[in-house]
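The chains referred to below are lettered A, B, ... by the order of the sequence lines, with proteins before strands, and numbering in each begins at 1.
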Number of protein chains: 2
Amino acid sequence: MSRTLFTLFDRKQLAPMQHAPSGPPGPTPSAGTGPRGTTPRERARGAMIDDVITVARRQLGEVGAAGLSVRSVTRELGISPSAVYRYFASRDHILTALLVEGYSRLGAAVTDADDALPPDRVTTRWHRVWHSTRDWAVANPHEYALLYGTPVIGYAAPPETVEPATRVVVRLAEILFHAARRGLLTERLDLSDPAPTAGLRADAEALMATIRELGVAVPDDLDPADPLRVVNAWSELFGAISFELFGHYVRSITRHAEHLDTLAAASARQVGLPEQD
Amino acid sequence: MSRTLFTLFDRKQLAPMQHAPSGPPGPTPSAGTGPRGTTPRERARGAMIDDVITVARRQLGEVGAAGLSVRSVTRELGISPSAVYRYFASRDHILTALLVEGYSRLGAAVTDADDALPPDRVTTRWHRVWHSTRDWAVANPHEYALLYGTPVIGYAAPPETVEPATRVVVRLAEILFHAARRGLLTERLDLSDPAPTAGLRADAEALMATIRELGVAVPDDLDPADPLRVVNAWSELFGAISFELFGHYVRSITRHAEHLDTLAAASARQVGLPEQD
DNA sequence: TCCATTCTGTGAACAGTGTTCTCTGTTGCG
DNA sequence: CGCAACAGAGAACACTGTTCACAGAATGGA
């Protein structure tokens, strides 16, 4: 019960591929919404996969992940329940696809909102990331719950989820790094001394390496605690949104947008962003 | 889709009481683990309710809320599946009981840990609340997920959940108020200016009234932003724990205890607790 | 003590679920 | 054209939560 909490089901292979039992497990052309295949069959297959996901996402928005029924999806699509198993190995694989899509949609909403601002207005950008994240969550509560609520996927989150899942925090890091590069940062309120322990500094370094791998330009003279500050802002943001959506603010906070504003301002100050820009 | 998100099912009456169809809906003596009734029947009924909850909680710890099956519970108890409906109107009512019990158990773990410390060691107490909360969550991940993950209960959280659910944040407030009363607070790092908006100040006042109703002694000269600071610490704490348990720290934080320590220290500084005590 | 009332538990049944398997066409490629 | 790969249908299995009619037991008042 230590590492793999929430492992309800064992992992499975992804695609059924009935009459192609073993073969080289190479590139499975069945799943994913990747480059639409050229042959008519591959195009039809891709279209079917898209249809399933589209309908499933609509129903997810209405009944939530727990209430999502593959039979209901197939009814709406006018196909038999078993047909969907040509495209998804299980209900969990459909949910996984929705998970990946959800992370992408949230990430797109946030980066689009941020991209509409001048890059140097770092504090405004910081606030906009916070608010656009919340706006998306409020507009898509069930989808948000799928991403940041109780994990419902048995097997460990598949690799294709990790990149989309990091988009919001990476954008926060980008804003901070951009501000550092432009010399816009003020003195940080030193909430984080005593300095991070050796272990945490190691975490921060590994995190920086990951961020670099994602193609983000990292300043050389970065405060080693800055990645941790970004991560803390990130979890603070999602902690507040989850509390709002999951009902834990019921007897306390009612002005959620204003409240998030003060949180964003405080975290901006903690990472050293200027008051105004 | 605005107020009652996640309302999957309609609300229902709580107790079945088959042959007592209407009658005065007065005090329903069936549910709850309240004062064990004196008559043999009431005692047997209470024991049965306790047995169901005990077994359900054990299975919850193994398979999680989504995997909890009333048939499986009845199998383990050696009764027929329909028998449990004499005691709980639905599966959701069992989960509600587990919810209330979970809040109580978490609250007890935290307050017990805090009570073992001298009251004036406010900073140490603050840290202990943070860590004992996390310790309980790590030890009871599925139960934690039931409390703070995606809501699974259809109807709005019943009234009996709100008091137990507030115990951790109320304890945080008590520590801060105690420190204020003893003159132990330092200058706050003023992260929260500009001062809270009128709306948020109204939220803070209502929150104070609620806290007073719970019997907590509130100093008269309290900084009006202090309740908001406590709430922010609260959501920061649970945001970090949820991120850890739900797997969002996978590629960043690995030293979770150390990380929570820095978060607790920073939040202690934000609310004005002394460095050492 | 007897009896009607109330409660408790059972077993069958219903509607629904995810998933598998067998079978029948259809499609595409060599 | 013919054969292999695929796509879909439909029945079936093993579950699930819940309801209902029924039988037995405890209870409390006459």
For the side chain of [X] and the base of [N], is some donor closer than 3.5 Å to an acceptor across the two?
X        : N       : answer
Arg91(A) : dG18(C) : no
Arg41(B) : dT27(D) : no
Arg71(A) : dG16(C) : no
Ser82(A) : dG8(D)  : no

[atom1] of [X] versus [atom2] of [N]: gap in Å, rounded?
X        : N       : atom1 : atom2 : result
Arg86(B) : dG9(C)  : CZ    : P     : 9 Å
Ile79(B) : dG11(C) : CD1   : P     : 12 Å
Phe88(B) : dG9(C)  : CZ    : P     : 13 Å
Arg43(A) : dT27(C) : CZ    : P     : 14 Å
Arg75(A) : dG16(C) : CZ    : P     : 8 Å
Tyr87(A) : dT19(C) : OH    : C1'   : 17 Å
Leu77(B) : dT10(C) : CG    : P     : 11 Å
Tyr85(A) : dA11(D) : OH    : P     : 18 Å

[X] and [Y]: side chain donor to acceptor below 3.5 Å:
X         : Y         : value
His93(B)  : Thr96(B)  : no
Tyr249(A) : Ser235(B) : yes
Tyr144(A) : Ser242(A) : yes

- request: Using only side-chain N and O atoms of Arg45(B), determine if any of them is under 4.0 Å from OP1 or OP2 of dT8(C).
  value: yes
- prompt: OP1 or OP2 of dT16(D) less than 4.0 angstrom from a side-chain nitrogen or oxygen of Ser69(B), does that happen here?
  reply: yes
field: Given DNA chain C, 5'-ward residue of the pair Ser72(A) and Pro81(B), judged by closest heavy atom
entry: Pro81(B)
- request: For atom CZ of Arg251(B), decide whether the heavy atoms of other residues, nucleotides or ligands shown that lie under 6.0 angstrom number more than 12.
  value: no
field: Nearest non-hydrogen partners of Leu95(B) and Leu68(B), listed with the distance
entry: CD2-CD2, 3.8 Å
field: Axial bend angle, the helix from dT1(C)-dA30(D) to dG30(C)-dC1(D): five-pair end segments, nearest 10°
entry: 0°
statement: Of Leu68(B) and Ser80(A), the one whose closest nucleotide on DNA chain D sits nearer the 5' end is Ser80(A)
Residue pair Thr133(A) / Leu237(A), side-chain heavy-atom distance below 4.5 Å: yes
query: Mind checking whether Tyr103(A) and His248(B) have parallel, tilted or perpendicular rings, split at 30° and 60°?
result: perpendicular
